[in-house]
Amino acid sequence: MQEYQEHRRAAPAQKHRPLIVLTGPTAVGKTKLSLSLAKAVNGEIISADSMQVYRGMDIGTAKIRPEEREGVPHHLIDILEPEEEFNVVSFQKLAGQAMEDIYSRGKIPVLVGGTGFYIQAVTNAVDFTESETDTEYRRQLERFAAEYGAAALHKKLEQADPQAAAAIHENNIRRTIRALEFHRQTGGRISEHNAVQRSHDSPFELYYFVLTAPRETLYQRINQRVDEMLAAGLAEEVRTLRERGCARSLVSMQGLGYRELYAWLEGELPLEAAAEQIRQNTRHFAKRQLTWFRREKQVIWLDKSEFDYDDGKILAELCGRLPQGWCVS
RNA sequence: AGGGGUAUCUUCCAAGGGUAGGAUGCCGGUCUCCAAAACCGUUAAUGAGGGUUCGAAUCCUUCUACCCCUG
């Protein structure tokens with residue numbers, strides 16, 4: 001094992017193309033820092049954000065406006081209508097294309113965003129297998145679960161893939177369905193597939209930075225940002241989407257802020273209650289993000305409190321961590 | 001000042017004198033095709049002091065805090 005790692009390290013690094021990731025919990029300040037980082041390495045930004053891909057969802061996703069981009073090219077923002085589906089596989093494909101594009105210009109891609117799963121799909125080049133999603137089969141299983149219960153559905157998985165069944169809680173219908181779908185499409189077991197995928201290393205010369213801050217600070221920033229979003233007209237943004245016909249069940253309408261205000265527009269709760277839910281759900285989300293990043297290997301944590309919350313100091317640290325020559329300015 | 005009422009996890013609500021329980025929050029975790037999603041777990045309380053009783057959140061009593069009514 002030791003030898004193997006030594007060997008890998010000694011292997012020619014030029015085969016691995018450079019990739020920088022800048023992520024962290026929501027509202028920690030990624031966007032602002034990403035601009036100076038991208039400029040420092042003469043890179044281009046690829047948004048790793050499951051919601052910023054949607055046009056017309058600007059306020060609630062804290063999207064950077066074109067005039068704020070300071071000339072840094074941004075990819076994968078505003079590429080879909082809110083009615084369209086989006087998922088990791090699509091993201092992986094599009095991000096891959098954007099990266100080729102950026103490499104062809106001799107520049108470094110900087111993945112910036114808070115969707116850990118999407119980042120992982122790129123940094124680890126996860127193979128999601130060729131097969132397309134089988135919507136029909138998924139619906140069928142959903143109906144089955146609704147009728148006979150989650151436990152009955154889970155029983156099916158025990159037959160097909162006992163390992164996966166052991167790993168997936170029976171209440172987690174969504175993942176149970178995915179495992180069953182995988183089995184039906186490939187005849188194999190997703191548990192084995194995942195184990196293989198987990199084992200391989202990143203094909204990139206990867207620098208994976210996680211920006212963070214003490215929990216209290218983070219929560220304060222979240223609460224404050226939600227208020228700012230509301231003041232900036234988030235409710236109107238959601239109303240517009242709803243009135244143009246966006247259904248509640250859309251993936252885009254599951255976004256933080258959108259879901260809660262949609263419920264408010266439906267008259268299900270008062271505005272202040274919706275606002276409080278947005279704050280709380282966002283705090284929960286930040287916590288889940290941190291849990292995700294803790295699991296990821298080879299991440300470099302940067303706690304803002306250790307740099308006096310000074311982006312200049314943090315940038316200096318970032319450049320210090322990168323190989324010589326990456327930071328050009 | 002007098003009269004009445006209420007005190008149980010962060011909060012809300014349970015527990016006919018017999019193992020203090022649930023929801024929520026907090027915290028932690030899972031995750032390889034909806035991931036801003038979906039799901040799981042842990043923790044935590046009888047306001048304080050006396051008394052009755054084999055045994056008290058529960059009955060009695062004093063104190064404290066809060067609420068209501070009267071002046």
Side-chain angles (χ1 to χ4, degrees), chain A residues 23 25-27 47-54 57 60-63 80 82 84-93 113-135 137-139 142 145 150 153-154 164 166-182 184-186 188-200 202 215-216 219 222 225-226 229 234 247-262 276-296:
Chain A
T23 185
T26 187
S47 164
D49 187 299
S50 64
M51 290 295 153
Q52 292 189 1
V53 293
Y54 292 115
M57 294 173 58
T61 64
K63 200 182 284 170
L80 294 177
E84 296 183 86
E85 290 272 326
F86 193 60
N87 57 45
V88 219
V89 180
S90 316
F91 173 80
Q92 190 189 42
K93 206 169 294 173
T115 308
F117 189 29
Y118 286 10
I119 294 170
Q120 183 185 66
V122 170
T123 59
N124 284 7
V126 174
D127 170 24
F128 290 103
T129 72
E130 300 305 309
S131 53
E132 294 189 5
T133 57
D134 190 340
T135 318
Y137 186 54
R138 282 188 189 182
R139 291 234 176 87
E142 275 166 22
L153 182 73
H154 198 257
I168 301 170
H169 189 98
E170 68 173 32
N171 287 349
N172 202 339
I173 294 173
R174 194 175 283 193
R175 281 177 51 213
T176 305
I177 288 178
R178 170 57 192 152
L180 284 167
E181 179 192 51
F182 182 91
R184 177 186 162 105
Q185 288 179 334
T186 67
R189 294 174 173 178
I190 199 169
S191 54
E192 289 166 12
H193 176 261
N194 290 350
V196 172
Q197 293 305 308
R198 259 194 294 273
S199 67
H200 61 226
S202 175
R215 193 64 64 91
E216 287 166 67
Y219 284 1
I222 287 170
R225 191 161 82 164
V226 170
M229 284 177 174
L234 179 56
R248 222 177 158 169
S249 55
L250 288 172
V251 176
S252 57
M253 291 301 104
Q254 306 305 311
L256 287 165
Y258 297 89
R259 183 209 288 241
E260 297 84 353
L261 287 172
Y262 207 113
E276 191 46 43
Q277 275 195 15
I278 297 173
R279 290 183 204 107
Q280 185 172 93
N281 290 336
T282 307
R283 293 194 297 265
H284 287 169
F285 173 52
K287 209 147 66 66
R288 265 179 282 130
Q289 287 177 302
L290 289 168
T291 300
W292 178 280
F293 299 131
R294 276 185 213 123
R295 268 165 35 100
E296 288 288 333

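Note on naming: letters A, B, ... go to the chains in the order of the sequence lines (proteins, then strands), and numbering restarts at 1 for each one.
Across the protein-nucleic acid pair, A:Phe117 atom CZ and B:rU30 atom C1' stand 13 Å apart, rounded to whole Å. The distance between atom CD of A:Glu170 and atom P of B:rC40, rounded to the nearest whole Å, is 10 Å. Atom C1' of nucleotide B:rC39 and atom CZ of A:Arg174 are separated by 10 Å, given to the nearest angstrom. Atom CG in A:Leu250 sits about 16 Å away from atom P in B:rA36, given to the nearest Å. One atom, CD of A:Glu276, and another, P of B:rU10, lie 19 Å apart when rounded to the nearest Å. Between A:Tyr219 atom OH and B:rG25 atom P the separation is 12 Å, expressed in whole Å. Here B:rA35 presents its P atom at 8 Å from CZ of A:Phe86, a figure rounded to the nearest Å.
The side chain of A:Thr61 lies closest to B:rA36, out of B:rA36, B:rC33, B:rA35. Looking at the side chain of A:Arg138, the nearest of the listed nucleotides B:rC34, B:rA37, B:rU32 is B:rC34. Taking every side-chain heavy atom of A:Asn87 into account, B:rC33 is the closest of B:rC33, B:rA36, B:rC39. Distances from the side chain of A:Ile190 to the nucleotides B:rC33, B:rA36, B:rU30 place B:rC33 closest. Here the nucleotide nearest the side chain of A:Arg215, chosen from B:rC34, B:rA36, B:rG28, is B:rG28.
Looking at heavy-atom distances under 4.0 Å, A:Glu192 makes no contact with the nucleic acid at all. Looking at heavy-atom distances under 4.0 Å, A:Val88 makes contact with sugar-phosphate atoms alone, never a base. Nucleic acid contact for A:Arg259: sugar-phosphate only, since backbone atoms but no base atoms lie under 4.0 Å from a heavy atom of the residue. Across all strands, A:Tyr118 comes closer than 4.0 Å only to sugar-phosphate atoms, never to a base (heavy-atom distances). Base contact: A:Gly60 has a heavy atom under 4.0 Å from a base atom. Residue A:Ser50 is in base contact, counting any heavy-atom pair closer than 4.0 Å across all strands shown. Residue contacts for A:Gln197: at a heavy-atom cut-off of 4.0 Å it reaches a base atom on one of the strands shown. Counting any heavy atom pair closer than 4.0 Å across all strands shown, A:Phe91 reaches no nucleic acid atom. Residue-level contact check: A:Asn124 touches neither bases nor backbone, having no heavy atom under 4.0 Å from any strand.
Nearest-nucleotide assignment on RNA chain B puts the 5′-proximal partner with A:Arg198, out of A:Tyr54 and A:Arg198. Where A:Gln289 and A:Val126 each meet RNA chain B at their nearest nucleotide, the meeting point lying more 5' is that of A:Val126.
Classification of A:Arg279 and A:Glu276 as a salt-bridged pair holds, one side-chain N sitting under 4.0 Å from a carboxylate O.
Summarising the geometry, atom CG belonging to A:Leu250 is positioned 13.0 Å from atom OH belonging to A:Tyr258; distances are rounded to the nearest 0.5 Å. Distance OG1/A:Thr23 to CD/A:Gln289: 6.5 Å, rounded to 0.5 Å.
Checking the phosphate oxygens (OP1, OP2) of B:rG29, a side-chain nitrogen or oxygen of A:Thr291 falls inside 4.0 Å. In terms of phosphate contacts, A:Arg294 brings a side-chain nitrogen or oxygen within less than 4.0 Å of OP1 or OP2 of B:rG29.
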Worksheet entry | Dot-bracket summary - RNA chain B, pairs being Watson-Crick or G-U whose distances fall under 3.5 Å, with | when paired to another strand | (((((((...(((....[..)))...((((.......)))).....(((((..]....)))))))))))).
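For the segment residues 278-288 of chain A, the set of residues with a heavy atom within less than 4.0 Å of an atom of RNA chain B comprises A:Gln280, A:Arg283, A:His284, A:Phe285, A:Lys287, A:Arg288, in numerical order.
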